[in-house]
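Scroll down for the structure; my scribbles are underneath it.
As a basis for the values below, the full set of heavy atoms in this structure was taken, side chains included, without hydrogen atoms, waters or symmetry mates.
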Amino acid sequence: MKNLSCVIFLLILAMSITAQAETGKNYLETSNSINAVSNSDLLAETGTNPKLDAETPAIDTDYSEPPCLTRLRKKKKKPTKVYKWTGYGKMRFPEDYTDLKDLKTIPKRDFLDGLKYIALNDAGDWYVSFGGQARWRFDSFRNYNFGKKIPNDDNYFLQRYFAHADVHMGNHFRVFTELKSAFVNEYDLAGGPRPASLHNEIDVHSVFADITLELTDDLGLLLRGGRWEMNYGVGRIFGCRNWSQLRRPLDGVKIHLAYNQDWWIEGFWANWVEVKKYKFFNDANYDMEIWGAYAHIDQKSGLPFNFETYVLAKDKLDTANGDDRRTTVGGRIFGGIEGLSLCYDIEGGYQFDYSGDVNVSAGFFAIESSYTFKTVKTTPWVTIGFDWASGDSDPTDDKIKTFEGVSPYGHYYFGYIDEFGRQNIISPWASIGCKPFKNLTTTVFGHWFWADESEDGIYSPCNCTKTLRTGGEDVNNYIGFELDLYAKYKFNHHLIGLVGYGYLWAGSYVDETAANNGGAADNIQRVVAQLQFTF
């Protein structure tokens with residue numbers, strides 16, 4: 001497998017060099033948006049400038065209006081002389097290449113663009129689009145999880161591959177399928193050599209069908225059923241965890257109603273899909289039900305900001321303590337201040353057990369703001385943020401106060417070492433970044449961590465209630481400080497390289513709880529080098 005991956009890498013690198021030679025053409029690549037939302041989720045992995053204003057949309061958010069609905073209501077216009085290619089997102093199914101059927105000659109940056117639109121009928125509204133991604137990552141850890149389990153030092157290599165086919169059968173029906181393959185080599189940390197969170201030889205990652213209807217000139221409806229990934233907001237409660245080696249899809253159905261660009265609302269019900277390392281089609285876990293409703297009102301409708309509100313639930317059935325049916329009711333406002341290069345994002349929510357079987361009372365709050373120095377050549381920016389999620393002051397009583405997201409994205413918000421989830425945490429943070437050269441982006445992050453309740457523990461960012469470290473009474477709340485240094489280089493529209501270094505200085509909370517956690521209280525270090533090819 002190692003030899004095969006090397007061969008694939010050399011072939012793709014050769015193709016990317018060819019593609020780079022073609023970029024002198026006048027064909028523009030854009031990060032086509034589906035909806036105007038915060039770009040902090042994009043920053044989370046690429047280190048790009050977090051322009052959170054309403055005019056700078058994030059790529060590839062599943063909750064936003066599907067492109068087929070946008071296309072149904074799109075005003076007819078003459079094709080532009082320069083075709084604007086859709087940017088590649090983390091989730092690929094929102095990409096839409098239908099406009100290519102209106103062009104007499106399809107512009108191509110390289111031969112892979114020919115795979116984006118292959119007409120299946122004379123009218124061109126039946127077509128198939130192919131794509132994929134290959135990612136290779138070198139990871140190096142020292143004192144993993146504060147050195148709690150042996151071995152805790154390791155260097156290992158991750159590989160991940162995606163391939164998809166998107167078949168459009170007219171303007172109202174499409175089927176999307178995607179395969180995934182992920183491998184880990186030389187992994188010797190506790191839990192190795194092939195942990196279920198890193199290894200899945202081949203699997204059907206997505207397979208779903210969409211039906212779209214134009215109810216009126218302004219109102220569109222989408223119905224979806226099958227297996228796919230979901231992302232809501234900027235992933236604080238429910239997000240696409242692309243940084244993770246294995247991304248988790250869900251089996252379910254959803255209905256999405258959108259009115260022009262003013263507002264949309266959708267509801268869904270789904271089951272968690274469990275990862276099996278050697279199974280081709282992983283099974284859904286029917287004891288893990290995910291459901292909810294999410295609504296968005298756009299700033300373009302006349303509001304001074306973008307507004308979102310939601311009810312998101314995760315029902316864990318037949319647990320050791322009975323059924324746990326947690327519901328989070330929350331809201332989010334975000335946008336930019338007119339005339340300033342300043343933007344903001346504020347979100348909060350309250351969590352309870354709607355069945356009344358479990359006494360749950362928990363919550364979270366998050367705020368961040370960015371300022372970009374547009375007049376400076378390297379366009380530097382500074383971002384400050386604050387995250388809080390409740391903990392439990394008495395884990396032994398019958399009241400649960402520890403917040404738990406549906407499937408949260410923690411990597412960007414709580415550091416690149418990936419030690420913490422959005423549970424029992426207080427974390428102010430800041431980042432600065434700039435573009436020293438056109439294709440190079442550098443970012444520095446600083447994260448401070450406190451436990452909301454010292455009696456509670458440190459929780460994993462793995463979409464679960466896994467406690468990485470238990471707390472204690474009369475323990476100092478200060479967990480530590482993490483410094484992350486990352487640089488991203490975009491070779492061309494296919495190939496992106498990323499290198500990073502993170503160091504976490506353990507604080508008093510870690511030292512004072514060492515006796516109950518295997519004596520572990522070491523500082524943590526992580527080094528990452530990654531290459532990603534997308535087409």
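- Considering all non-hydrogen atoms of both residues, Asp283 and Arg227 come closest at C-NH2, 4.4 Å.
- Phe280 contributes atom CZ, which lies 10.5 Å from atom OG of Ser181 (distance to the nearest 0.5 angstrom).
- Classification of Asp99 and Lys101 as a salt-bridged pair fails, no side-chain N sitting under 4.0 Å from a carboxylate O.
- Between Trp126 and His168, the distance separating the two ring centers is not shorter than 6.0 angstrom.
- No hydrogens or angles considered: nothing links the side chains of Glu308 and Tyr310 as a donor-acceptor pair under 3.5 Å.
- To the nearest 0.5 angstrom, His493 atom NE2 is 3.5 Å from Arg109 atom CZ.
- Residues Trp228 and Asp251 bring no donor and acceptor atom of their side chains to less than 3.5 Å of each other.
- Heavy-atom contacts from other residues, nucleotides or ligands closer than 6.0 Å to CZ of Phe281 number more than 12.
- Between Phe173 and Val167 the shortest side-chain heavy-atom distance does not fall below 4.5 Å.
- Using a 4.5 Å heavy-atom threshold, the side chains of Ile496 and Lys488 count as touching.
- Expressed to the nearest 0.5 Å, how far CD of Glu266 lies from NZ of Lys254 amounts to 4.0 Å.
- Residues Asp96 and Thr98 bring a donor and an acceptor atom of their side chains to less than 3.5 Å of each other.
- Contact between Asp484 and Gly415 at its shortest, heavy atoms only, is OD2-CA, 3.5 Å.
- Atom CD in Gln261 sits 13.5 Å away from atom CD in Gln299 (nearest 0.5 Å).
- Between Phe162 and His205, the distance separating the two ring centers is shorter than 6.0 angstrom.
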Side chain to side chain contact (heavy atoms under 4.5 Å, CB included) assessment of His199 paired with Phe183: CA-CA 5 Å; His199 194 93; Phe183 304 90; 3.7 Å; yes

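- With respect to the salt-bridge test (charged N to carboxylate O, under 4.0 angstrom), the residues Lys279 and Asp203 do not qualify.
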Stepwise ring pair (Phe, Tyr, Trp, His ring centres under 6.0 Å) check, Tyr97 with Tyr117: CA-CA 6 Å; Tyr97 298 95; Tyr117 175 83; 8.7 Å; no

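- Side-chain N/O atoms of Trp429 and Tyr412 include no donor and acceptor closer than 3.5 Å.
- Between the side chains of Asp452 and Asn424, no donor N or O sits under 3.5 Å from an acceptor N or O.
- Partner Glu404 forms a salt bridge (charged side-chain N to carboxylate O under 4.0 Å, His left out) with one of Lys314, Arg325, Arg422 and no other, that one being Lys314.
- Here the options are Arg247, Gln133, Glu229, Arg135, the test is side chain to side chain donor-acceptor pair (under 3.5 Å), and the partner is Asn242; only Arg247 passes.
- Of the inter-residue distances, the one linking Phe208 atom CZ with Asp210 atom CG reads 5.0 Å to the nearest 0.5 angstrom.
- Contact check on Asp345 versus Arg332 returns a salt bridge, with a Lys/Arg side-chain nitrogen under 4.0 Å from an Asp/Glu carboxylate oxygen.
- For the pair Ile297 and Asn306, the minimum side-chain heavy-atom distance is 4.5 Å or more.
- Expressed to the nearest 0.5 Å, how far OG1 of Thr212 lies from NE2 of His172 amounts to 6.0 Å.
- No more than 12 heavy atoms of other residues, nucleotides or ligands lie within 6.0 Å of CD1 in Ile384, so this atom counts as exposed by the packing criterion.
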Side chain to side chain donor-acceptor pair (under 3.5 Å) evaluation trace for Thr402 with Gln423: CA-CA 6 Å; Thr402 305; Gln423 294 165 284; over 6 Å; no

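- Counting only heavy atoms from C-beta outward, the side chains of Ser197 and Leu246 never approach each other to under 4.5 Å.
- Two residues are said to be in side-chain contact when any heavy atoms from C-beta on lie closer than 4.5 Å; Lys401 and Gln351 fail this criterion.
- Counted by atom type alone, His447 and Glu482 present zero donor-acceptor pairs between their side chains at under 3.5 Å.
- Judged by distance alone, the side chains of Thr383 and Ser370 do bring a donor and an acceptor atom under 3.5 Å apart.
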Trp264 vs His256, ring pair (Phe, Tyr, Trp, His ring centres under 6.0 Å): CA-CA, chis, key distance, verdict: CA-CA 7 Å; Trp264 56 260; His256 182 106; 5.4 Å; yes

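- In terms of heavy-atom proximity, Ser407 sits nearest to Arg241 at OG-CD, 4.0 Å.
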Verdict with reasoning, Phe420 to Phe449, per ring pair (Phe, Tyr, Trp, His ring centres under 6.0 Å): CA-CA 9 Å; Phe420 308 103; Phe449 301 105; 4.3 Å; yes

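- For the pair Arg236 and Tyr409, the cation-pi criterion (under 6.0 Å, within 45° of the ring axis) is not fulfilled.
- Under the 6.0 Å cut-off for aromatic ring centres, Tyr486 and Tyr416 qualify, their centroids lying closer than that.
- A donor and an acceptor atom, one from each side chain of Tyr459 and Asp456, are located under 3.5 Å apart.
- Ring-centre distance between Tyr232 and Phe238: below the 6.0 Å cut-off.
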Derivation and outcome, ring pair (Phe, Tyr, Trp, His ring centres under 6.0 Å), residues Tyr88 and Phe535: CA-CA 8 Å; Tyr88 303 130; Phe535 70 95; 8.1 Å; no

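- Taking the six-membered ring for Trp and thresholds of 30 and 60 degrees, Trp136 and Tyr161 have ring planes more than 60 degrees apart, a perpendicular arrangement.
- Taking the centre of each ring, Phe307 and Phe334 stay at or above the 6.0 Å mark.
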